[in-house]
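A short worksheet on the structure shown next.
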There are 2 protein chains.
Amino acid sequence: MMISPRPVDLTGAAHERVYRALRTQIMHGELPPGESLTLRGIGKQFEVSMTPAREAVRRLVAEGALTLSSSGRVSTPELSNDRIEELAALRALLEPELATRALPRAHLALIDRLEAINHGVSQMVARQDATGYIRMNLEFHRTLYLRAQAPAILAMAETVWLQLGPTMAALYARLNRTEPPHNHKLILAALKAGDDPGLRLAVRTDAIQGLRMLRN
Amino acid sequence: MMISPRPVDLTGAAHERVYRALRTQIMHGELPPGESLTLRGIGKQFEVSMTPAREAVRRLVAEGALTLSSSGRVSTPELSNDRIEELAALRALLEPELATRALPRAHLALIDRLEAINHGVSQMVARQDATGYIRMNLEFHRTLYLRAQAPAILAMAETVWLQLGPTMAALYARLNRTEPPHNHKLILAALKAGDDPGLRLAVRTDAIQGLRMLRN
DNA sequence: AGGGCCAATTCGTGATCACATTCGCGCCAT
DNA sequence: ATGGCGCGAATGTGATCACGAATTGGCCCT
């Protein structure tokens, strides 16, 4: 090829761009569990060589977003029930902590924004849009947790979401739910009331209910 | 070069070997905070080209074991006080959970092994060997947590240890402690007694005490 | 008709190279 | 003596190639 008309984007290294795009796809559940990817395929999709694709994939494997077969092939993970339970337990551990830390900093403007996002969540539920639902749901949680000023803990929580992404989409698509997000309303009520125990419980319940859908 | 007399190790890809070696060095605190690494330097050290070195580094950056400057340079992280507090909070969240899960599976042989490891910890304290102390301390915790049968949670805990590695070594080296690990004895006592609340408290205290040494 | 075997294709791995950027160090001017 | 400037060395990035292993699909044998 050797065209290279693209000198550099300072923050936009090619591998970074590929990484972000794949990460978003995986976290939003746009890839089904067990989907297999190839370095050359990724490279062609993003118009780069294998090298940046390899680095992006390596990063995602390190985060648990992709699985590496013994021969080096990569695919989205197919989670066992035990692993799903573990990841749900991690959400139940991390997210109440983030909520508690965010609570004293949650002023009215934040709650308004959360309610707007929550409205979007309801729309996605009504529209039966699994990927849209996941995206809005994550935005709801992330918007709240960003106020916790705890980037290391938030990064851990996002890693868990990432690992759950493909499986969550498959689960949500399988059982077409019509319920609006009840727990989100509880979260908002507890935020308004400044009720920390209630907030922790609501967040914990919301995080764990994804696990209930596993019982089949 | 083009020698390549080394066909393949099935599990021993070069980048894997480099990754494991660097990871161990970082987790054991053999690299001081702020140490800068170069891809060519790593490659020369392990007798590989830049490619496997790059992949290993990319993985470690994704795990938070190394930091990436804006120009792509990598170095061991220099943690802020806030970040150390966050990581200590993560240990305080994750490790009691792992201990609780390990408790019903902790039979006598395991406790014996933990006591042997703990003896090794005391030796390292007496010897003022910071790296050796960290290594033994981690082995103590990992040996216990392996019984929890919770690989995802354990992986998260190890990621936290990894991020704390260089800083821990610097802290331990700075204040030469002579105390034997009191909290480890409490952990062992709670294990023997089957005392879950006591075990959780002892583990939590042990995890957090690394934070106390930050107050300077 | 079904299953196992072989070959062609596909794929990951690692090496090497070109290139732009960045870092570091010494020199010169003030 | 000191501070800024510039040039050379060093570094990360991405492309490409060679190679061996693994996968896949078709063909033949039973």
Side-chain angles (χ1 to χ4, degrees), chain A residues 1-23 26 31 34-78, chain B residues 1-23 26 31 34-78:
Chain A
M1 284 283 186
M2 223 40 185
I3 14 178
S4 109
R6 193 170 312 167
V8 217
D9 270 338
L10 272 178
T11 66
H15 63 89
E16 185 84 15
R17 179 169 55 92
V18 174
Y19 166 75
R20 288 195 191 284
L22 286 178
R23 182 182 207 266
I26 294 168
L31 299 177
E35 180 94 344
S36 65
L37 305 175
T38 66
L39 297 183
R40 289 175 175 87
I42 294 170
K44 186 174 299 185
Q45 180 181 348
F46 293 97
E47 294 179 345
V48 294
S49 80
M50 293 173 54
T51 310
R54 216 195 308 196
E55 301 189 36
V57 161
R58 202 63 73 187
R59 254 175 101 175
L60 291 164
V61 168
E63 293 178 290
L66 293 174
T67 331
L68 204 61
S69 88
S70 61
S71 66
R73 253 87 165 175
V74 291
S75 53
T76 53
E78 305 188 81
Chain B
M1 287 283 186
M2 222 42 181
I3 14 177
S4 107
R6 194 170 311 167
V8 216
D9 271 339
L10 273 178
T11 66
H15 63 88
E16 185 82 16
R17 180 170 54 91
V18 174
Y19 166 75
R20 287 195 192 283
L22 287 177
R23 183 181 205 267
I26 294 169
L31 299 177
E35 180 95 343
S36 65
L37 305 176
T38 66
L39 298 184
R40 288 176 176 85
I42 294 170
K44 186 174 300 185
Q45 179 180 349
F46 293 96
E47 293 179 346
V48 295
S49 79
M50 294 172 53
T51 310
R54 217 195 307 195
E55 300 189 36
V57 162
R58 202 62 74 184
R59 257 174 99 174
L60 291 164
V61 168
E63 293 178 289
L66 293 173
T67 35
L68 205 62
S69 89
S70 60
S71 66
R73 254 86 165 177
V74 290
S75 53
T76 53
E78 304 188 82

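Below, read A as the first sequence line, B as the second, and so on, with proteins coming before strands; counting in each chain starts at 1.
Ranking C:dA15, C:dT13, C:dT22 by closeness to the B:Arg73 side chain, first place goes to C:dT22. Here the side chain of B:His15 is nearest to one of C:dC17, C:dG14, D:dA22, namely C:dG14.
Heavy atoms of B:Ile42 sit nowhere under 4.0 angstrom from any nucleic acid atom.
Rounded to whole Å, atom P of D:dT11 lies 15 Å from atom CG of B:Leu68. The CD-C1' distance, from B:Glu47 to C:dA15, rounds to 15 Å in whole Å. The distance between atom NZ of B:Lys44 and atom C1' of D:dA10, rounded to the nearest whole Å, is 11 Å. Residue A:Arg40 contributes atom CZ, which lies 11 Å from atom C1' of D:dT16 at whole-angstrom precision. Note: CE (A:Met50) to C1' (D:dC19) measures 12 Å, nearest angstrom. In this structure, A:Leu39 places its CG atom 15 Å from C1' of D:dC17, rounding to the nearest Å. One atom, CZ of B:Arg17, and another, P of C:dT13, lie 15 Å apart when rounded to the nearest Å. Here C:dG14 presents its P atom at 16 Å from CZ of B:Arg58, a figure rounded to the nearest Å.
Residue side chain A:Arg54 reaches the base of C:dG14 through a donor-acceptor N/O pair under 3.5 Å, judged by distance alone.
No donor-acceptor pair under 3.5 Å is formed between the side chain of A:Thr76 and the backbone N or O of A:Leu66.
Note: B:Arg58 CZ to A:His15 NE2 = 4.0 Å, rounded to the nearest 0.5 Å. Expressed to the nearest 0.5 Å, how far CZ of A:Arg20 lies from CG of A:Leu60 amounts to 11.0 Å. Within the model, atoms CZ of B:Arg59 and CD of B:Glu16 stand 4.5 Å from one another, a figure rounded to the nearest 0.5 Å.
Between A:Thr51 and A:Ser71, the one whose closest nucleotide on DNA chain C sits nearer the 5' end is A:Ser71.
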